[in-house]
Every structure is written in C-alpha cells, then in structure tokens.
Amino acid sequence: MNITLRAGERFFINGAVIRIDRKASIELLNEVTFLLEAHVMQAEEATTLVRQIYFAVQIMLMDPTAAASAAPLARSLIESALVAYRAPELTAGLKSAAASLVRGRNFEALKSLRALFALEDKELQPLAKTPSAA
C-alpha cells in the first residue's frame, strides 16, 4: 500500500505518531495498523452515535494497547445505534462496520463509519415544520 503525505502531515502507525517534514510517499510492505491525520476525529466532535463508534475505533487504530477496552465500547455503541436508527442504508452500514471489527479490519470499519456520517445527519434532522393553515 502506498501513502502520499504532505510536508508537516502526521500519521499514526501501530500506535506511533510519525510526522513527515517534507512531501513523501511511503510504501507499507506488510500488514500494519495506521491512520492518516486527515481522518482523526477530536473527542468533542463525537457528538452522535456513529461518530462515537468512529472515535472508539479510531482509538483502537491510534493506540493498539487501548484496543481491548475500546472494542467492547464500539460493539456496544453499534448495538445501541442499530436499535436507535431505522434507515436501511444506515443500519446496513453499521452491520458492515461491525463485521469488519469482528474480522479485525479496523481501518475498513472506520472507512464504513465515515461514509455513514451524512446518512446519520439526515436521520437526526428534525422533521420540517408543516405550514399551518391560515
């Protein structure tokens, strides 16, 4: 797998934080756990169920030593989200992320979850007010 990084960009690989001082392409030759800085969510951004799941999975990628405690949290949040949400695309995406986690494919799960943000936002929008009769 090839990754191209910009000068000053950071990425996380097997729990280590690496910063690139100039534009570089890196080729990963074996199976590693990594996360690009552009995909890192701050704790205060985890304001919805899907984003909280994303944050838990992100922790698993950034700090492999925390994976044992973050994995049950992610599974629990997925179960809560499956109960809370009804949109078929959203629930299918959550099930896909859960299956990726079971297979140990955390980055794949993160990618699936990121794709669900817009669907979740749509699901959470309050119903538009209907105009009252005059």
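None of the values given here were measured: they were computed from a predicted structure. Sequence positions, counted from 1, serve as the residue numbers for this chain.
- Between E108 and R103 there is a salt bridge, with a side-chain nitrogen of the basic residue lying less than 4.0 Å from a carboxylate oxygen of the acidic one.
- Remark: K111 NZ to S96 OG distance equals 11.0 Å, nearest 0.5 Å.
- Connection of L82 to V102 is not established within any shared hydrophobic cluster, with ILVMFWY side chains joined at heavy-atom distances below 4.5 Å, either directly or through further cluster members.
- Put simply, the side chain of H39 reaches to within 4.5 Å of the side chain of R114, judged on heavy atoms.
- One finds no salt bridge joining R22 and E9 here, because no Lys/Arg side-chain nitrogen approaches an Asp/Glu carboxylate oxygen to under 4.0 Å.
- We find the OG-CZ distance between S80 and R75 to be 13.0 Å, quoted to the nearest 0.5 Å.
- F34 and F107 get closest at one heavy-atom pair: O-CD1, 3.6 Å.
- Taken from OG1 in T47 to CG in L124, the straight-line distance is 9.0 Å, to the nearest 0.5 Å.
- Between F55 and Q42 the shortest heavy-atom distance is CE1-C, 3.9 Å.
- Side chain of S76 to main chain of P72: no donor-acceptor pair is present (N/O by atom type, distance under 3.5 Å, no hydrogens or angles).
- The only option from V17, L110, I13 that meets the side-chain contact (heavy atoms from CB on, under 4.5 Å) definition with L35 turns out to be L110.
- I53 is not listed as a side-chain neighbour of L116, based on a closest heavy-atom distance of 4.5 Å or more.
- Looking at Q52, its side chain never comes within 3.5 Å of a backbone N or O of L49 through a donor-acceptor pair.
- Residues R51 and E45 share a closest heavy-atom pair of CD-O, 3.5 Å.
- We find the CD1-CD1 distance between I20 and I3 to be 9.5 Å, quoted to the nearest 0.5 Å.
- V50 and E120 get closest at one heavy-atom pair: N-OE2, 2.9 Å.
- K23 places none of its side-chain heavy atoms less than 4.5 Å from the side chain of R6.
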*Verify salt bridge (charged side-chain N to carboxylate O under 4.0 Å, His left out) between E89 and K122, making sure each step is shown before the conclusion.*
CA-CA 12 Å; E89 294 169 313; K122 185 177 178 182; over 6 Å; no
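- Atoms CZ and CG, from R19 and D21 in turn, are 8.0 Å apart once rounded to the nearest 0.5 Å.
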*Kindly determine whether L5 and L36 satisfy side chain to side chain contact (heavy atoms under 4.5 Å, CB included), including the steps that lead there.*
CA-CA 9 Å; L5 302 163; L36 300 175; 3.9 Å; yes
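- Connection of M1 to I26 is established within a shared hydrophobic cluster, with ILVMFWY side chains joined at heavy-atom distances below 4.5 Å, either directly or through further cluster members.
- Across L94 and Y85, no two heavy atoms sit closer than the pair CD1-CD1, 4.3 Å.
- No side-chain heavy atom of N2 sits less than 4.5 Å from a side-chain heavy atom of S25.
- A chain of hydrophobic side-chain contacts below 4.5 Å, direct or via other Ile, Leu, Val, Met, Phe, Trp or Tyr residues, connects V32 to F11.
- Scanning both residues, P64 and G15, for their nearest heavy atoms gives CD-CA, 3.4 Å.
- Of the possible polar contacts, one joining the Q58 side chain to the M41 backbone as a donor-acceptor pair under 3.5 Å is found.
- You'll find the side chain of I18 stays beyond 4.5 Å of the side chain of F12, heavy atoms only.
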